[in-house]
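Lettering follows sequence order; numbering is per chain, from 1.
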2 protein chains.
Amino acid sequence: MTTARILDFIKTRRPEGPCLVVDLDVVRDNFNAFRHSLPNSAIYYAVKANPAPEILKLLASLGSSFDCASVAEIQMALDAGATADRISFGNTIKKERDVARAYALGIDLFAVDSHEEVEKVARAAPGARVFCRVLTDGEGAEWPLSRKFGCVPQMAVDVLVYAHQMGLESYGVSFHVGSQMMNLDAWDAALADAKRVFGSLAKQGIHLQMVNMGGGFPTKYLRDVPAAEEYGQAIDTALRKHFGNQIPKTIIEPGRGMVGNAGVIKAEVVLVSKKSDNDNHRWVFLDIGKFGGLAETMDEAIRYPIRTERDQDEMQPCILAGPTCDSADVLYEKNMYPLPVSLTIGDEVLIEGTGAYTTTYSAVAFNGFEPLKAYVI
Amino acid sequence: MTTARILDFIKTRRPEGPCLVVDLDVVRDNFNAFRHSLPNSAIYYAVKANPAPEILKLLASLGSSFDCASVAEIQMALDAGATADRISFGNTIKKERDVARAYALGIDLFAVDSHEEVEKVARAAPGARVFCRVLTDGEGAEWPLSRKFGCVPQMAVDVLVYAHQMGLESYGVSFHVGSQMMNLDAWDAALADAKRVFGSLAKQGIHLQMVNMGGGFPTKYLRDVPAAEEYGQAIDTALRKHFGNQIPKTIIEPGRGMVGNAGVIKAEVVLVSKKSDNDNHRWVFLDIGKFGGLAETMDEAIRYPIRTERDQDEMQPCILAGPTCDSADVLYEKNMYPLPVSLTIGDEVLIEGTGAYTTTYSAVAFNGFEPLKAYVI
């Protein structure tokens, strides 16, 4: 997954310290694959996955819309050239003054999942469009979403009726099948729920127009993932199955699927050691860890492909850890990671599939280590 | 634990957004308590706990030494007025070029736990003093340290013999009983190990001088913790028990114990909602979460005391979560947190005991949210 351009950049520029290198050509390819596979869906890039200005500018120029989690992200999308009508405020947890700020910037599409949030939007963004997030079970996702966002479908009906009563435009529903979703059927169940909400509201004279199908589109880590076309087809089939010939407007919000495979982190082996003479396992310590950008290794959830220049040598599982004085800064221990036995201090390693959810996750200065640097090429 | 000075600061300054307020008077009291309780131990403040310049300056002026995890932290300690002889490079995972940088800054005390690390120090800091970290089991700690740092005592002997052969000064051993250690006996077992390493090396003509007893001193969260005096007494007893009348130089490295209870985070309730009409539990969302400085709620390890202005009202357990669009950004869910039923959007909450391991843990800009601001008063 490391492109020739990225390899060339690392070889010729020799950036000091751990860094992420993102290849914009891959982002462009991903965008085009989504557009091709889901031609009738508007693409709202999930800015939180990687808000690098170069990425936002490219996507804005390609016609992408943007799903933003905060006013700061909205501002970044605007700065990148997106117009306000191509931006949604997709966080269901917003301060009322942030709703007001967004509204003042021209945003009129907001996520809600509770009556309380509807009241904030009604007060701070009168007349705006809202969509209500519905809970899905996230089965089959590698980074499951728990129940933090959304409400049960029956409550979503009530929330959207309430929004209508409060003078907002009850515009649609959203769901998120779970990040890095490998199960193509996940969208089917969620779209069935969405259709039920549409039906219940129609009976009350409220006609929803849009289904926000969220993200969840995977990026390739160690296992192969279905291609965008397969997702497109599964979603198309599910839409037709549940909505017949009254297919609503749809939105997708790829984040990981848009930029994950576009980035590679260059890191360095700082130490290879054992804990006792008869220790069966090596500890390999890198100059990047859980607090330097690899937060998604939490609970060993995401398992990144790692390349070294010694991959033709014998491989043995090792414990992989980061450079900080924090014992929680271990990447893979329960499921050890196979790395070449010849791997040695000073070796460069490439951690692939790290274009999403890395730079912005990195700690300000934990242990005095700088946040992850990024180069977008 | 919220001091009158902190309350006054928050009331009069009304800082916008979530922020940490640290009361230097409490840090001073903590330092004096350590000095009083362990009068024969040198205090090396663990800079990583909170590297705010005001804290480092105060501690430097009080005569503290500093345990640093990186060259950046060493530079901060020097900038705060510490001389190089009062600074140790306590990370066992160091790039050789960082050892060289530290050595150039005058640092001559380094932690090691492997032959490989000894070689780096021997090359980059010839003649320097090294101490070898010994593995302890961390039983009784609320933030256990796993096996990431240290080696078994027998290997520590070999490592220190090797250091001696490489021209370094084999100066001592270190251990860390585990963070937020509540079990006073933990130091006894570790000091027994330390003594065995001293004995083995003495037989080979190498006379260690120092035991670095690490950190682990707790701060008060919800449960009461033993006072510094009790730790001092337990450690003194264990030192006499194992070292008799040949007590070595000792070092302690308090971090959490020095600043944890000196800080309070002011946050705001962004949303209180339920997921369905018959949901038994409220979700309370704050404007700070796991990625904004409360990383130590990982696996719900650290349970902070939380104060509101409605604490005299009826309390009910709720799920407490942060403001980002990340489902992992939940603070307490498995063990729900009792908060007033009357708690409402816009209410201020005070999260106590947050002086350590918060600001530097916070993400650069995850979801566009700014890192945690800090005021040191």
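Interface residue B/T324: backbone and side-chain heavy atoms are both found under 4.5 Å from chain A. Contact of A/D329 with chain B is made through backbone and side chain together, with heavy-atom distances under 4.5 Å. Heavy-atom distances place no part of A/E119 under 4.5 Å from chain B, backbone and side chain included. For B/V269, no part sits under 4.5 Å from any heavy atom of chain A, backbone or side chain.
Of the listed residues (A/D279, A/D287, A/V47, A/T92), the one with the most heavy-atom contacts under 4.5 Å to chain B is A/D287. When A/E370, A/Q75, A/M155 are compared by the number of non-hydrogen pairs under 4.5 Å with chain B, A/M155 comes out ahead. Most heavy-atom pairs under 4.5 Å with chain B: of the set A/R97, A/E96, A/Q154, this distinction falls to A/R97. No other option in A/G346, A/A321, A/G150 has as many heavy-atom pairs under 4.5 Å with chain B as A/G150. Contact count against chain B (heavy-atom pairs under 4.5 Å) is highest for A/P323 among A/A72, A/P371, A/P323. Options A/P153, A/C68, A/A69, A/P51 differ in how many heavy-atom pairs under 4.5 Å they form with chain B, and the most are formed by A/A69.
Using cut-offs of 30° and 60° for the angle between ring planes, the B/Y361 and A/F366 rings count as parallel.
Proximity of B/L271 to A/K120: side-chain heavy atoms (C-beta onward) are separated by under 4.5 Å at one or more points. When side chains are defined from C-beta on, A/D299 counts as touching B/D299, because their heavy atoms get closer than 4.5 Å.
A distance of 8.5 Å separates OG in A/S276 from CG in B/L135, rounded to the nearest 0.5 Å. Rounding to the nearest 0.5 Å gives a distance of 6.5 Å between OG of A/S70 and CG of B/N367. Here the CH2 atom belonging to B/W283 is positioned 8.5 Å from the CZ atom belonging to A/F149, to the nearest 0.5 angstrom.
A donor-acceptor contact shorter than 3.5 Å is absent between the side chain of A/K48 and the backbone of B/G368.
Between B/K148 and A/D326 there is no salt bridge, since no side-chain nitrogen of the basic residue lies less than 4.0 Å from a carboxylate oxygen of the acidic one.
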